[in-house]
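Start at 1 and go down the list; that is how both ligands and their atoms are numbered. Sequential numbering from 1 along the given sequence is applied to the chain's residues.
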Amino acid sequence: MPVTAFPARAVIDLAAIRSNVAALRGTAGSAQVMAVVKADAYGHGLVPSARAALAGGATWLGVAQLEEALALRAAGVDAPVLCWLYAPGAPLGRAVEAGVDLSVSAGWALVEVVDAARATGRTARIHVKVDTGLGRGGAMPRELESLLDAALAAQAEGTVDVVGLWSHLAWADAPDHPTVLAQAAVFDEAVALAERRGARLEVRHLANSAATLTNPAMHYDLVRPGIAVFGLSPVPQLGGPEAYGLTPAMRVEAELVLAKVVPAGHGVSYAHAYVTAAETVLGVVPLGYADGVPRHASGGVDRWGGPVQVGRRRLGIAGRVCMDQFVLDLGPDATEVAGDRVVLFGSGADGEPTAEDWAAAAGTISYEIVARLGARVPRTYTGGDEGGAARDTASSGPEQGGPQQGGTA
Ligand SMILES: *Cc1c(COP(=O)(O)O)cnc(C)c1O
């Protein structure tokens, strides 16, 4: 039975998130774990995922956008939160007031943080970011000294607290790549410089999931795993989730909205990219590219073992993925009827495909498969013991609710 009016859903296993974080904590040794829950927790739902990560032993949360940080605070999550992506003119006062740590990569950002601190009368906690070689965020090393000095001057007048120094790796998923050690060397110099200039850093941090799992030398005081929190491997070429004690937390399933017999030679979906070879049964799945099903996976029947589990079978997509739906060729002997459940991906424990399988088929990474799951696909939760974690999300969409909603909560 569908648990909502929407005939498909992502079922998020909060127990998996807790145990993944516990595993990451074990791997991280003495370093703290910041669970990165940006992009709606990689599609898994921000607040319930954050609560599960904290229950699993994370002591920090990381987000890209200010609104994500504020949503955590609005839900009553009071763990340390670092936010790292904002443009000039952002309402930083709201972050400072909410006790959200801010990343600072440039002089203009420091000026705006100081202004926000003055306006709110609160000391802003900042993490100075250095570009050790990713070529994305962070101050260039040659700019670091003046940025640090300005930040420490602001600290002396009480407007900011320089609590962190941090950076991000370009090739963490290739642990032996020479840039990894080169970036760490630049980072070490940046840390030494900051400490020489008088910073008393609470946390120095560099590692994402891949570096957390494969490279203890990168752990420093705090690691920042994202994808591994959700049970997917950041290094599929080196090992799947099970190799790192992780369990994929998201399962995407749908009910067939139609099953019907069509004759041989019947064109299927736009442009008839698939044509039936013989009389067969077609099944219509109510998920499409607006829901995050990659259009690149169209006609995947020939290219891989089959992206969709139907009963005990694995079937490919027949023809083009549409905006809201795609079609399966269930075969001439199919007994499926409308309302029968199919599984797009899950943990793999039950023979179903995984997000990694979809990623491989669509020429992308598992991150994109889960993070692009459409907002209209309801998230339901199992394995929750966070006391209201899932209840909170019941208000996040009009179609939430039903027997699976909230797990044990
Ligand atoms: C997304 C992100 C992470 C987490 O990366 P994963 O590969 O998902 O572990 C960590 N740090 C920063 C700066 C990020 O943008």
Visitor: With atoms numbered from 1 as shown, which atoms in ligand 1 lie under 4.0 angstrom from a non-hydrogen atom of S209?
Guide: 6 (P), 9 (O)
Visitor: Below 3.5 angstrom, do we get any N/O pair linking A210 and ligand 1?
Guide: no
Visitor: So between Y367, W166, Y42, whose heavy atom ends up nearest atom 13 (C) of ligand 1?
Guide: W166
Visitor: With V327, which of I317, V268, V321 fulfils side-chain contact (heavy atoms from CB on, under 4.5 Å)?
Guide: V268
Visitor: So which protein heavy atom does atom 11 (N) of ligand 1 come closest to, and at what separation?
Guide: R224 NE, 3.0 Å
Visitor: Quick one: does P225 get within less than 4.0 Å of ligand 1, heavy atoms only?
Guide: yes
Visitor: Atom CG in L24, atom OG in S19: separation rounded to 0.5 Å?
Guide: 9.5 Å
Visitor: Give the atom numbers and elements of ligand 1 that come within less than 4.0 Å of a heavy atom of I227.
Guide: 6 (P), 8 (O), 9 (O)
Visitor: Between S105 (side chain only) and G138 (backbone N and O only), is there a donor and an acceptor less than 3.5 Å apart?
Guide: yes
Visitor: To the nearest 0.5 Å, what is the distance between OG1 on T132 and CG on L206?
Guide: 6.0 Å
Visitor: For atom 2 (C) of ligand 1, what's the nearest protein heavy-atom neighbour? Residue, atom name and distance, please.
Guide: K38 NZ, 2.5 Å
Visitor: Testing V285, V293, V284, D291 for side-chain contact (heavy atoms from CB on, under 4.5 Å) with Q325, which one passes?
Guide: V284
Visitor: In Å and rounded to the nearest 0.5 Å, what is the CG to CD1 distance from L110 to I126?
Guide: 5.5 Å
Visitor: Please report the interatomic distance OH(Y289) to CG(D324), rounded to the nearest 0.5 Å.
Guide: 8.0 Å
Visitor: Report yes or no: does a heavy atom of R136 sit under 4.0 Å from some atom of ligand 1?
Guide: yes
Visitor: Tell me: protein heavy atom nearest atom 12 (C) of ligand 1, and distance?
Guide: H168 CE1, 3.4 Å
